[in-house]
Protein chains: 2
Amino acid sequence: MKQQEVFKAMADPTRRAILKRLQGGALSAGEIGADFDITPASLSHHFAVLKQADLVRTERRGQYIVYSLNSTVFEDLARMLMDLFPATPKSGGKR
Amino acid sequence: MKQQEVFKAMADPTRRAILKRLQGGALSAGEIGADFDITPASLSHHFAVLKQADLVRTERRGQYIVYSLNSTVFEDLARMLMDLFPATPKSGGKR
DNA sequence: GAGATATTTAGAAAACTATCTAAATATATG
DNA sequence: CATATATTTAGATAGTTTTCTAAATATCTC
């Protein structure tokens, strides 16, 4: 898992909103774009960042390109965070 | 919880390393700085970002300023992520 | 209180990011 | 195959972030 890529991807509010939007299921770039006041080109850039972080998957469906969440990496992220931040410090921490 | 501040803070590798370094317990700015090839001024900037995100706490101890993790916000973050990324979509999700 | 050590603040330079417009590529359809 | 629609790529610009050096502030010790 590319830790840096993932955190960088999550650091932008538009990208987090895109992820949120995808919770309901896969959507085409255009469908997602409809919710944002941003050009298709900029949106495409955000998709590229999310893809690079492996947070979303793409699939061409005819004319459209359909995006969906990659929940596997999401789990990794949660685990990584837990590891980074020991909420309840237990005896044998990695010091 | 200031979501944007937290994600922004986590997006930098140096800051994540600082958090990691603090897992073992509170440390002064100087002690932390010893591990990084960066000037005290730059380090201080990173501390400011972490503090702004409420990820660390500070306490002056005489001449030194001692930093420690704020695990409360860390838990918030983990929860927020879980919310954002439904790893295993269960029936009654928040939609 | 003068000098030493620890940390922060101010101001500037370099690197990076988000956004835009214009052009390119890919697919669908008449 | 020409045109329309969907998306990406290229190149530019504005804004933000990281880092530095120099100076300021705070505390300690003699």
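In what follows, chains are A, B, ... by sequence order, proteins preceding strands, each numbered from 1.
B/Glu31 places a side-chain N or O within 3.5 Å of a backbone atom of B/Ser28 that can act as its donor or acceptor partner. A donor-acceptor pair is defined here as one N or O able to donate and one able to accept, closer than 3.5 Å; such a pair exists between the side chain of B/Gln4 and the backbone of A/Ala11. Side-chain N or O atoms of B/Arg15 include none that pairs as donor or acceptor with a backbone N or O of B/Met10 at under 3.5 Å.
No engagement by A/Arg61 is indicated, since no non-hydrogen atom pair under 4.0 Å with the nucleic acid exists. Note on B/Tyr67: only backbone sugar-phosphate atoms sit closer than 4.0 angstrom, heavy atoms only; bases stay farther off. Residue-level contact check: B/Ala41 touches the bases, meaning some heavy atom is under 4.0 Å from a base atom. Base engagement by B/His45 is indicated by at least one non-hydrogen atom pair under 4.0 Å involving a base atom. Backbone-only engagement by B/Ile38 is indicated by non-hydrogen atom pairs under 4.0 Å involving sugar-phosphate atoms exclusively.
In this structure, B/Phe47 places its CZ atom 8 Å from P of C/dT7, rounding to the nearest Å. At whole-Å resolution of the value, OH in A/Tyr64 and P in D/dT7 are 7 Å apart. In this structure, CD of A/Gln63 is placed 13 Å from P of D/dA4, rounded to the nearest angstrom. Here D/dT8 presents its C1' atom at 8 Å from CD1 of A/Ile65, a figure rounded to the nearest Å. For the pair A/Leu43 CG and D/dA6 P, the computed distance is 14 Å after rounding to whole Å. For the pair B/Met10 CE and D/dT17 C1', the computed distance is 18 Å after rounding to whole Å. Between the NE2 atom of B/His46 and the C1' atom of C/dT7 there is a distance of 15 Å, rounded to whole Å. One can place CG of A/Leu50 at 10 Å from P of C/dA18, the figure rounded to the nearest angstrom.
Taken from OH in A/Tyr67 to CG in A/Leu55, the straight-line distance is 13.0 Å, to the nearest 0.5 Å.
Taking 4.0 angstrom as the limit, B/Ser28 places a side-chain polar atom (N or O) nearer than this to OP1 or OP2 of C/dT7. Considering only side-chain N and O atoms, B/Arg60 lies nowhere under 4.0 angstrom from the phosphate OP1 or OP2 of C/dA6. OP1 and OP2 of C/dT9 both lie 4.0 Å or more from every side-chain N or O belonging to B/Ser44. The side chain of A/Ser42 contributes no N or O atom lying less than 4.0 Å from OP1 or OP2 of C/dA18.
Between B/Arg57 and B/Glu59 there is no salt bridge, since none of the side-chain N atoms of the basic residue sits less than 4.0 Å from a carboxylate O of the acidic one.
Nearer to the 5' terminus of DNA chain C, by closest-nucleotide assignment, is the contact made by A/Thr39 (compared with the other of A/Thr39 and A/Gly62).
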